[in-house]
Amino acid sequence: MSNNDYYNDEEFREILQEYEAAVTSGQSVFMDADDLADIADYYQQEERYDEAQQAIDLALELQPDSVVALNYQIHQAIDNGDYEAAEEYLSKIIDHDIPEYIYSRAEIWLAQDQVEEADNFLRKCYLDVPPDECQDYVYDVANLYDDYDKDEKALEWLMRGKPENNEDFQELMGRTMFGLGRYDDSERIFNELIDRDPFQKRYWNALANTQFMKEDYGASVTSSEYAIAIDPDDSDGVLAKANGLYHLENHEEALKYYERYSELMPDDEFGYLYQGCCLLNLGRYEEAVERLKEAELKAPDDSPALVDIYQEIGFAYSDMKHPDEALSYLNKTDALDCDHVDMMVVKGHVLMSNQRVKESDDYFSQALSLSDDKPHTMLRILVSYLDNHYLRFFHKSFNILFSKLGDDWKDGYSYMALCCHDLEYYDECLSYLKLAVEKNPKEARQVLSYLFPADMAPADYYDYMAEHIKELKK
């Protein structure tokens, strides 16, 4: 029985009611420590954190050596980054052979990225596991590594187990393959799981995410729709559909689903960020700024979304012809952990888009002087010139850049093909298009897809464009 099923079970509801009645009336509470730990878990899930702590404190007061209560405190300490406290609670678990001690001991190390210490300990403990419990131990260890995104270790442990026809084992294998970037394997596993249980929304969402990573956005949207059909309030399914629609450039529909996601998850800044991105793509700049500022308010100080939020606000103000406001937000990234060279290029781009060319050149010069990867920085700068319709400058400068790079260079050919197309240098366009689809088909799709039928693969771009140019030359 899952936690959610147990919390809805009549037995748990009676225990919870008894506990809450005693607390409300001010009576002393005498309950089993395991029941109090379950109540604390329930409150934690409901985001009633003070009440959760009150229940677990009572559990330890009644039974100081309660393994369940101590384990709860260990995980709270880990979540808070207080590893000394986690070690202290761990030391109070007397029996070092029980799974709760073994897994908590390893998790404290993993939380501090001490992977070898954890793995040496877990392998040593594995030698003492009874044969009939080995499969469960292997699964639990692999699941622990999966929780900490140590996918290679998770796979290593899964390979120790028997590839049984077991849904939990197969699901973990599917997640591990996803984490390792083996998306075809992950997709196959989740399709097999869906064949067994087509009404498990978790499988549909995992399949949607795998298809998304394969850039099969249409299939990803379809899979997410099955999850939503099973549970219309499933935030994961709603977000997966929004992401798929966004990458299909269906920004109107994507906006609706990002809005729905924010209704379901009102404290998640990412929903508002992508609402802003949709509105930007729809040319609704003032609304975009409103949503993006809402994302900024929702985001904690350490949110990885802040860089994107400030950048998108900068683009919105730039498109509204307010470059100073744009720079004021872009400058907020100076204090964040991000690619500051890239942000200088963005600032230069914003200024160039607003006809402040001398200032933009200053930023571009700073970016180049600070860059550890000057060819790619120059590429990003030149793309800004292309976006601002300096076609001949772009063409001349790119030819110079390409002349200095080796045959293994794979970036930028799509932009050169686009430039030559717009300049009507058709033979040269075909030459660069051929290189683009061979060397970097992903970039070719991103840069050139609007010139071709929506469902066309980059591999077919050259023949299509060759026929198109042949017609133009007639």
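Being a predicted model, the structure only gives us computed values, none of them experimental.
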Expected output: side-chain N80 to main-chain Q76 donor-acceptor under 3.5 Å: yes
Heavy-atom donor-acceptor pair, E443 side chain to G412 backbone, under 3.5 Å: yes
Lys/Arg-Asp/Glu bridge criterion (N-O < 4.0 Å) met for E192, R188: yes
Sub-4.5 Å side-chain heavy-atom contact between V345 and Y363: no
Identified side chain to side chain contact (heavy atoms under 4.5 Å, CB included) partner of Y258 from the options V238, L245, L279, N243: N243
Pairing of R105 and E87 as salt bridge, 4.0 angstrom limit: yes
Geometric class of the Y103/Y137 ring pair [parallel <30°, tilted 30-60°, perpendicular >60°]: tilted
Nearest heavy-atom neighbours spanning S235 and M265: CB-CG, 3.7 Å
Nearest atoms (heavy-atom pairs only) where N205 meets G237: OD1-CA, 3.1 Å
F402 ring center near Y413 ring center (under 6.0 Å): yes
salt_bridge(K293, E296) N-O dist < 4.0 Å: no
Chi angles and distances behind the side-chain contact (heavy atoms from CB on, under 4.5 Å) call for K298, F270: CA-CA 9 Å; K298 298 287 184 181; F270 286 94; over 6 Å; no
NZ/NE/NH1/NH2 to OD/OE distance under 4.0 Å, D184 and K214: yes
Ring pair (Phe, Tyr, Trp, His ring centres under 6.0 Å), paired with H395, selected from Y390, Y425, Y385, Y432: Y425
Over all atoms of both residues, closest heavy-atom pair of S414 and A444: OG-CA, 3.1 Å
Heavy atoms of other groups near D50 CG, more than 12 under 6.0 Å: no
Polar side-chain atom of Y272 near backbone of P266 as donor-acceptor pair, under 3.5 Å: yes
Salt bridge (Lys or Arg N to Asp or Glu O under 4.0 Å) evaluation trace for R175 with E171: CA-CA 6 Å; R175 292 203 310 268; E171 182 181 0; 3.8 Å; yes
Salt bridge flag under 4.0 Å for residues E359 and K347: no
Considering all heavy atoms, the nearest K434-V437 contact: O-CG2, 3.4 Å
Evaluation steps, side-chain contact (heavy atoms from CB on, under 4.5 Å), between D82 and E84: CA-CA 6 Å; D82 189 349; E84 286 187 13; 4.0 Å; yes
side-chain contact (heavy atoms from CB on, under 4.5 Å) evaluation trace for S449 with Y461: CA-CA 9 Å; S449 61; Y461 285 1; 3.7 Å; yes
T210 and E187: side chain donor to acceptor below 3.5 Å: no
Centroid-centroid under 6.0 Å between Y43 and Y49 rings: no
Distance-only side-chain donor-acceptor flag, Q275 / E290, under 3.5 Å: no
D342 with R380: basic N within carboxylate O range, under 4.0 Å: yes
Neighbour count >12 (heavy atoms, 6.0 Å) for atom NZ, K396: no
Y203 versus D197, closest heavy-atom pair with distance: CD1-O, 3.9 Å
Enclosure of E263 CD (heavy-atom neighbours >12, cutoff 6.0 Å): yes
Donor + acceptor pair across side chains of D119, W157 (<3.5 Å): yes
Ring centers of F398, Y415 separated by less than 6.0 Å: no
Check: S318/N354 side-chain N/O donor and acceptor closer than 3.5 Å: yes
E215 and H247 side chains, donor-acceptor separation under 3.5 Å: no
Pair E269 + R291: basic N to acidic O under 4.0 Å: no
Expected output: side-chain S360 to main-chain V357 donor-acceptor under 3.5 Å: yes
Between Y450 and E249: side-chain donor-acceptor atoms closer than 3.5 Å: no
Check: Q200 side chain, R202 main-chain N or O, donor-acceptor pair, under 3.5 Å: yes
Under 3.5 Å donor-acceptor, T333 side chain and V307 backbone: no
Any donor-acceptor pair under 3.5 Å from S303 side chain to P300 backbone: no
Whether over 12 other heavy atoms sit under 6.0 Å from D233 CG: yes
Audit row: F178, N209, side-chain contact (heavy atoms from CB on, under 4.5 Å) steps and yes/no: CA-CA 9 Å; F178 180 90; N209 290 333; 4.1 Å; yes
Any side-chain donor near an acceptor of the partner, N388 and S353, under 3.5 Å: yes
Parallel, tilted or perpendicular, as decided by the 30° and 60° cut-offs, for the rings of Y310 and Y329: tilted
Positive for side-chain hydrogen bond (donor to acceptor under 3.5 Å, both in side chains) with Q211, one of S220, S224, S223: S223
Donor + acceptor pair across side chains of H376, D411 (<3.5 Å): yes
Centroid separation W204 to F190 less than 6.0 Å: no
Side-chain donor or acceptor of N331 paired with backbone N/O of L327 under 3.5 Å: yes
Charged N-O contact under 4.0 Å between R356 and D324: yes
Heavy-atom pair of closest approach, residues Y72 and A52: OH-CB, 3.4 Å
Rounded distance (nearest 0.5 Å) linking atom CD1 of I189 with atom CD1 of I194: 12.0 Å
NZ/NE/NH1/NH2 to OD/OE distance under 4.0 Å, K256 and E252: no
Any I230 side-chain heavy atom under 4.5 Å of D234 side chain: no
Residue that, paired with V138, satisfies side chain to side chain contact (heavy atoms under 4.5 Å, CB included) out of M159, K162, R160: R160
Pair K150 + D113, salt bridge at N-O below 4.0 Å: yes
